[in-house]
Amino acid sequence: MVTLEDLRTPKKNTWCPGCGNFGILRAFTSALVQLGVEKDQVVIVSGIGCHGKMVNYVDVNGFHGIHGRVLPLATGIELTKPSLTVVGFAGDADCYDEGWGHFSHAIRRNIDMTLIVHDNMVLGLTTGQTTATSQKGFKTKSTPHGSIASPLNPVMHALVSNGTFVARGYSGDVKHLTSLIVEAIKHEGFSFIDVFQPCVTFNYLNTFDWYKARVYKLQEEGHDVTDRQMALKKSMEWGERIPIGIFYQEESPSYRESLPQIKDINLTETSIENIDIDPILQSMT
Amino acid sequence: MVTLEDLRTPKKNTWCPGCGNFGILRAFTSALVQLGVEKDQVVIVSGIGCHGKMVNYVDVNGFHGIHGRVLPLATGIELTKPSLTVVGFAGDADCYDEGWGHFSHAIRRNIDMTLIVHDNMVLGLTTGQTTATSQKGFKTKSTPHGSIASPLNPVMHALVSNGTFVARGYSGDVKHLTSLIVEAIKHEGFSFIDVFQPCVTFNYLNTFDWYKARVYKLQEEGHDVTDRQMALKKSMEWGERIPIGIFYQEESPSYRESLPQIKDINLTETSIENIDIDPILQSMT
Amino acid sequence: MILNQISVMIGGEAGAGIARSGFLFAKTCMRGGLHVFGTNDYQSLIRGGHNFYIVRADAEEIYSQADTIDLLLALNQETILLHRNELTHGGGIIYDGEEVELSEDEMGINNVRLYPVPLKSMVKELEARPIMRNTVALGAAIGLLNFDLKIFNGIIKDTFKEEIAKINIAAAKMGFDYACDFSRDQFIGDFEYHLKKTKGSRKKHLFIAGNEAVGLGAIQAGCKFYSAYPMTPATPILHFLAEHERDYGMIVIHAESEISAINMVAGASYAGVRAMTATSGGGFCLMTEGLGMTGMTETPVVIVLTQRTGPSTGLPTYTSQGDLRFAIHASQGEFPRVVIAPGDMEECFYKTMEAFNLAEKYQIPAIIITDKFLAESYSSVKSFDLNRIGIDRGLLSTQLEYAGKEAYQRHKLTGDGISLRIMPGTKGAIVRTNADEHDESGYTTEDPALTVEMADKRFKKLNALIKDLENYETTKFFGPKEAEVTILGWGSTKGPIREAMKLLNKEESRSNYLQILCLCPFPVANVQGVLDSAKLTVVVENNRTSQLSGLIRENLLRDVDHKILKYDGRQFNPQDLSQKIQEVL
Amino acid sequence: MILNQISVMIGGEAGAGIARSGFLFAKTCMRGGLHVFGTNDYQSLIRGGHNFYIVRADAEEIYSQADTIDLLLALNQETILLHRNELTHGGGIIYDGEEVELSEDEMGINNVRLYPVPLKSMVKELEARPIMRNTVALGAAIGLLNFDLKIFNGIIKDTFKEEIAKINIAAAKMGFDYACDFSRDQFIGDFEYHLKKTKGSRKKHLFIAGNEAVGLGAIQAGCKFYSAYPMTPATPILHFLAEHERDYGMIVIHAESEISAINMVAGASYAGVRAMTATSGGGFCLMTEGLGMTGMTETPVVIVLTQRTGPSTGLPTYTSQGDLRFAIHASQGEFPRVVIAPGDMEECFYKTMEAFNLAEKYQIPAIIITDKFLAESYSSVKSFDLNRIGIDRGLLSTQLEYAGKEAYQRHKLTGDGISLRIMPGTKGAIVRTNADEHDESGYTTEDPALTVEMADKRFKKLNALIKDLENYETTKFFGPKEAEVTILGWGSTKGPIREAMKLLNKEESRSNYLQILCLCPFPVANVQGVLDSAKLTVVVENNRTSQLSGLIRENLLRDVDHKILKYDGRQFNPQDLSQKIQEVL
Ligand SMILES: Cc1ncc(C[n+]2csc(CCOP(=O)(O)OP(=O)(O)O)c2C)c(N)n1
Ligand SMILES: Cc1ncc(C[n+]2csc(CCOP(=O)(O)OP(=O)(O)O)c2C)c(N)n1
Ligand code: SF4
Ligand code: SF4
Ligand SMILES: [Mg+2]
Ligand SMILES: [Mg+2]
């Protein structure tokens with residue numbers, strides 16, 4: 001059983017003081033401790049951005065991949081070695097801009113993994129530009145006159161893509177986020193958590209205060225997580241009150257379960273010596 | 001004013017006899033005639049696939065681009081020369097697989113163009129494999145044991161992306177499709193039409209007969225196109241009855257209208273001689 | 001009589017089953033004991049247009065199609081109009097005499113025999129689908145050639161389900177009988193070409209396409225994960241592997257894009273299995289970023305780049321060798337890779353197996369570069385020697401527990417640059433890797449000295465690889481040691497070149513040929529050796545800028561004397577090629 | 001006293017305003033009449049870590065940073081520990097004496113002057129934000145150097161809004177006064193280095209970064225459409241153009257990805273405007289497919305490839321020249337392109353303008369290849385000659401109506417391969433283009449003869465381009481005609497090389513230098529000429545495999561004598577480089 005101490009790495013943390021990423025780091029490591037997993041049985045995959053540094057800060061297996069490709073990379077790992085707990089960390093630009101082409105596909109395949117998006121509504125590591133989730137009118141160096149496009153609603157898209165676990169967290173509420181991550185990892189199939197993660201350096205709009213004044217917990221208001229229609233309705237709420245928590249959850253076979261050849265095995269453990277291709281050769285004579 | 005005859009090209013049509021694409025071709029050219037546009041003021045953009053051949057068969061300006069990139073290519077054209085009528089033709093693999101990363105973005109920008117997706121739920125030109133919209137269990141050479149993932153619902157995604165004109169047509173009903181295309185082109189902002197297009201060679205499931213037995217017209221059942229919530233509900237219908245028609249429409253400024261520098265001009269017509277960069281140079285001294 | 005030496009073309013519209021017919025006929029020849037080569041020509045469309053398939057069969061070993069056609073099975077008039085000039089003197093055409101009217105006169109060529117067969121009527125009589133016209137024509141051809149219909153029937157039975165097989169056999173018999181009936185006085189007696197089952201039966205032979213051989217090589221090499229997005233001419237690998245995935249415990253995913261495919265493959269390899277993807281130019285573009293990531297993270301992957309005519313979408317169903325430099329230099333920054341170009345079906349199999357070994361031994365990406373001509377052509381080959389290439393996973397530990405004394409470091413600096421690879425999930429070890437520059441443990445670094453050390457580490461592997469490659473066939477030499485001209489080539493030109501050599505060397509030893517199998521790292525010493533003793537050199541390539549010549553210039557500081565280049569999307573024909581070579585002599 | 005010749009470093013944590021301070025100090029020097037060069041070093045993080053900015057100022061023309069530091073403004077102790085060995089004898093450190101305690105002894109270097117200034121306290125006194133410590137330190141430096149505070153104040157006023165300017169001016173004055181007060185007996189009297197406003201005021205000079213010069217070049221060239229996705233070190237171009245888009249009637253789009261960006265740009269160019277994008281390696285990977293499409297459809301685009309250390313994500317904020325071959329060979333198939341490497345800020349401006357002309361004249365993609373060092377460094381340059389490069393849009397008709405007699409054909413076969421380009425929307429013409437191989441009208445073709453004709457058409461343009469390039473500066477030669485060693489380089493190494501030459505050629509004419517500006521097509525004749533008369537050649541490159549040497553080998557069939565390569569992510573330093581060159585002599 002892993003402890004918080006075990007999960008620490010010698011790598012110096014280079015996030016800005018006060019950054020919302022710290023809450024996600026704390027919630028994730030706490031979740032691992034709560035789940036009682038072994039640290040060598042967890043793999044985290046990250047994109048490129050401030051969020052991507054997670055791989056440097058948690059002492060579990062890790063693949064710091066390229067920008068926008070958390071989902072296919074994690075898919076390859078999960079299917080090949082299902083015994084691993086696979087968790088992806090992506091940024092909003094990483095996942096909703098550059099990597100948007102993978103989002104609905106990983107979800108509709110119901111790959112058995114957890115995706116945590118550090119949604120700070122800004123490109124952090126490239127010094128603060130507009131992303132898909134930036135609010136209309138948001139001014140940055142790439143949109144000095146304000147963002148024109150209406151922001152993308154990742155929770156809705158996950159719901160519409162037939163997500164089997166769709167949630168939203170807030171990195172200012174570590175306890176709540178921890179419980180979401182625990183549930184997400186436990187869930188069989190694709191678990192998605194969009195996390196409100198204040199970027200204290202570049203996002204002047206969606207600050208801790210801004211969220212504090214708005215977020216409320218779905219689970220405290222008796223939300224029925226089995227009602228996708230209601231989940232969709234809830235996911236549209238944006239303004240004075242913004243819901244966090246689990247929007248929707250459903251049991252449904254994960255991708256792997258439809259593949260008899262790997263259903264209950266780690267492909268990594270099958271021998272590759274002396275594979276008998278004779279039946280195929282015969283068919284070619 | 002253009003006539004159907006004017007729009008014909010000398011290029012021999014190479015679609016399979018009976019292919020659903022013929023209906024789209026007929027509907028599009030009829031729509032142009034109805035709209036009374038000049039053929040040299042229309043640009044069509046296509047991806048790669050059977051659908052992509054549209055550029056060969058309609059005698060208007062055309063850019064047969066690469067696979068999956070209809071939307072950014074068309075965006076570049078539209079913004080630069082708003083006086084043109086820009087229509088994109090994409091395939092389901094083209095738009096919902098390879099090009100999926102652009103879909104929500106073009107829509108949320110509300111680029112003033114029309115996108116027509118030839119949704120045959122199969123990769124046609126590569127000889128019949130599974131796409132994002134293929135039904136679960138659909139067997140092809142790439143998924144010989146049947147498709148595992150739940151199909152993607154493009155109409156829902158367009159709605160969720162804040163689409164301002166979201167419709168579905170059926171290439172077996174050319175008259176209806178024509179009217180949709182007319183409305184789509186008239187609409188200011190991004191118009192999306194997902195078109196059920198039977199692939200008579202590779203899609204053994206979603207055939208003309210299959211659709212004929214199922215499609216019904218939203219507009220004949222008093223659907224309120226201004227109610228996004230209802231549109232979402234309607235877009236979930238799949239089974240015995242499947243709706244076609246306009247799901248949702250709304251007036252909302254297109255991307256271009258938020259750019260004062262190009263609002264009412266074709267950038268192509270501004271002179272590029274003697275541009276005065278002195279003010280910038282001054283700020284650098 | 002010309003016995004057991006023939007070039008047959010079957011032509012018609014797309015969707016008319018042309019390729020399938022060619023395949024069946026070729027296999028019939030192979031089972032009859034002949035060498036066979038089959039290649040198809042089709043357009044980027046599904047029905048209509050013009051398709052053709054060439055089957056060449058010979059008692060001797062053959063390596064490619066021929067320039068000319070001895071027997072044309074024309075399923076429509078267009079086929080005859082397009083190909084009549086390719087017919088040899090004394091060649092024949094089987095066609096539907098009730099649908100197409102042709103006189104020898106009109107044909108404009110002497111000595112061509114016309115063999116009208118009422119294909120359509122016969123199919124009607126059988127109440128079969130129009131596509132069965134092919135089978136009738138094949139039956140007639142077999143009759144005309146005095147060949148053995150039983151062999152054909154056997155292949156039909158092996159290929160189709162019972163009902164379909166039955167109707168095909170009936171159709172073939174109809175054509176066969178028609179030809180034989182007639183034959184006594186007009187058909188067979190008239191036609192010079194005959195096929196006859198030979199004793200040296202090719203039981204152990206396979207009729208296999210380049211793509212299938214690559215797929216088979218992957219299965220045999222223990223590839224457990226394959227992800228790809230369809231792209232001609234690489235798609236058949238996806239189909240082939242998907243068909244067999246369940247039997248071989250492999251995951252085959254039709255990904256949403258090539259970007260996804262390469263990243264999935266990288267993930268699978270990191271997790272610990274052999275993994276592969278395949279694509280063509282446009283898809284390879286989309287994989288370049290992932291390719292660099294595998295280079296940086298030292299994740300072994302195999303990428304098959306099946307070239308077609310570019311630039312851009314180009315001619316999607318035609319051949320080319322235009323992507324060599326791109327394969328060698330794709331992705332930003334510098335890292336070692338191998339680029340291997342098999343030249344025939346056997347090499348497709350063995351070199352794919354080798355590619356997996358090299359990828360894992362050096363923890364690098366390995367690119368197998370083929371093209372439409374090689375990938376989609378079929379040939380009869382000796383059944384594969386399954387023991388020739390062993391499995392060598394290099395420094396990979398498959399232990400379930402990590403036994404090392406020090407904490408495991410994925411990117412440990414070592415003498416030859418190769419670090420122990422273990423799988424995530426191994427007890428007691430943390431496997432961390434990073435597309436950013438990293439330290440030995442996989443943590444991000446920006447330190448200048450470490451940056452150099454890590455770049456050097458990766459390039460040390462290149463040194464080790466180059467040394468190791470001396471144990472591999474990176475080049476092959478064919479023909480007499482001394483010759484008037486030395487031909488240089490890579491990849492699929494091998495077949496036509498070897499055929500051209502047959503023609504050139506008939507009387508004297510005029511030509512020899514160096515096939516370059518490993519393009520990167522470039523086998524400098526081998527090529528140098530051959531060039532040093534060459535009298536005259538000519539590079540043969542299916543591209544416009546002669547990329548191989550560029551590599552020779554760069555690596556050897558010397559030029560070749562001549563280049564024979566073809567970039568119309570079509571492979572070289574032997575006769576034509578031999579003439580072009582003759583011209584430079 | 002050392003007058004008007006200094007290297008100043010400002011160092012501290014990221015987020016502490018280091019680059020901004022360096023910028024202000026450098027500009028102060030420039031307005032004082034000096035030549036200035038400024039370069040920054042930062043990590044891939046937003047706060048913390050270690051950043052530094054080097055400003056070098058001189059009465060003479062200078063081309064790069066120096067190897068050593070004369071005055072260090074250390075905002076934290078780490079800066080001193082990391083850089084104390086770079087200090088010159090007699091150099092000084094300004095630091096917060098109340099926060100950091102240092103003795104010369106502890107410093108381990110003789111003759112370094114310590115100038116403690118109570119930065120933090122002063123900022124407190126001013127009730128200003130901690131970031132203002134920089135300004136206090138700058139003020140102190142200006143005092144210490146006996147320089148003119150008024151110039152600095154002027155720059156502050158030009159840069160900031162009134163309120164912020166006021167507090168900055170106050171802070172600077174505080175530091176300045178502290179230094180001056182103290183100075184009579186300890187500070188100034190003690191410090192050898194002085195700055196003094198020179199007469200030859202550099203009024204007409206700009207302080208500009210490579211990226212800004214590229215952006216300005218694009219604006220001046222009439223670029224009307226820019227789409228990009230942020231990627232260090234290309235992002236500042238996006239920021240620069242977005243800032244000015246409204247003033248110059250340009251569309252600037254932050255796209256959802258690089259794939260989107262290149263396709264948008266292609267669409268805009270097809271529609272008829274000049275269009276550009278910029279990115280670095282990973283993003284360029286994603287653009288390669290679109291790049292090929294522009295080659296095939298003959299759509300002129302300008303792509304700026306701003307290199308950083310690879311492979312893969314590598315060192316995102318550090319420099320490299322590792323992508324040259326990739327830029328030349330990216331995308332499948334073969335088509336002409338230009339790859340141009342500016343070597344300094346002026347060339348960034350003029351060559352960008354030229355790139356637009358070449359792209360449009362030959363209807364090809366033009367790649368401008370820079371790197372982090374060039375792109376993000378600043379230097380004082382003579383204000384640009386806005387008439388030097390005219391606008392040449394080649395065979396583009398901007399008529400609103402098509403007047404041709406025959407139907408317009410976008411890809412008409414012509415003598416030099418260049419077809420008339422008109423804009424869609426032109427009355428009476430249909431503009432059709434196609435990423436598939438196409439006929440003159442843009443319709444898809446698969447015909448072999450036409451395929452060859454079209455490939456030849458595109459390559460004819462290359463011939464025309466090569467000829468035309470004789471009218472452009474594709475290479476530049478520096479130094480004496482005869483020299484012991486001829487240095488060869490491309491891109492940003494220019495500055496350090498020219499500085500190294502100053503050192504080498506002090507007494508005798510030991511070195512000259514050929515800068516290669518056009519890497520593709522390679523300026524064979526120019527390079528040949530220089531190599532022919534060179535005694536000894538040495539290639540200087542910021543990569544590991546010496547890609548330029550490879551190009552020379554391939555294009556000229558000759559090797560260079562030596563290579564000096566640096567691939568730790570850092571640019572060359574002049575002294576170091578000159579020593580390395582000396583070593584090979
Ligand atoms: C292909 C590619 N394009 C661009 C970049 C540059 N880049 C680095 S981080 C980043 C985005 C950061 O934004 P986000 O994903 O939201 O992460 P955050 O820093 O906000 O956590 C980008 C675009 C890259 N590394 N690769
Ligand atoms: C980057 C890239 N990948 C793959 C291909 C191969 N390809 C050609 S058409 C096509 C897809 C066809 O499917 P769809 O878009 O649904 O069009 P349809 O043929 O069904 O109209 C593909 C994958 C390509 N041209 N480019
Ligand atoms: S830039 Fe924003 S997201 Fe990145 S570390 Fe700083 S506060 Fe956090
Ligand atoms: S393959 Fe399908 S989509 Fe393509 S032309 Fe034929 S019927 Fe139409
Ligand atoms: Mg972000
Ligand atoms: Mg389709």
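First the proteins, then the strands, lettered A, B, ... as listed; each starts at 1.
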Note to self: Show the nearest heavy-atom pair for residues C:T277 and C:S227, with the distance to one decimal.
What the structure shows: OG1-O, 2.6 Å
What part of [X] is in contact with chain B, defined as an atom under 4.5 angstrom from a non-hydrogen atom: side chain, backbone, both or neither?
X      : answer
C:T235 : side chain
C:L241 : neither
C:E258 : both

Heavy-atom distances under 4.5 Å only: say whether [X] touches chain C with side chain, backbone, both or neither.
X      : value
B:Y96  : neither
B:H64  : neither
B:A149 : neither

Check: Just by modelled atom types, is the C:E13 backbone N or O under 3.5 Å from a matching donor or acceptor in the C:N51 side chain?
Finding: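 It does not hold such a pair.
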Next item on the list: Assess whether atom NZ of B:K11 is packed by more than 12 heavy atoms of other residues, nucleotides or ligands within 6.0 Å.
Entry: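 For B:K11, atom NZ is crowded (more than 12 foreign heavy atoms under 6.0 Å).
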Notebook entry, point to check: Does the pair B:E98/B:R69 count as a salt bridge with the N-to-O cut at 4.0 Å?
Noted result: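 Result for this pair is yes, salt bridge flagged.
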Item checked: Ion pair B:D59/B:K39, N-O distance below 4.0 Å -> yes
Notebook entry, point to check: Given the options B:L123, B:I66, B:T131, which has more heavy-atom pairs under 4.5 Å with chain C than any of the others?
Noted result: B:L123
Item checked: Residue selection (most heavy-atom pairs with chain B, distance under 4.5 Å) from C:E256, C:H239, C:E243 ->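 Counting heavy-atom pairs under 4.5 Å, the top option is C:H239.
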Notebook entry, point to check: C:Y318 ring centre to C:R570 NZ or CZ under 6.0 Å, with the angle to the axis within 45°?
Noted result: yes
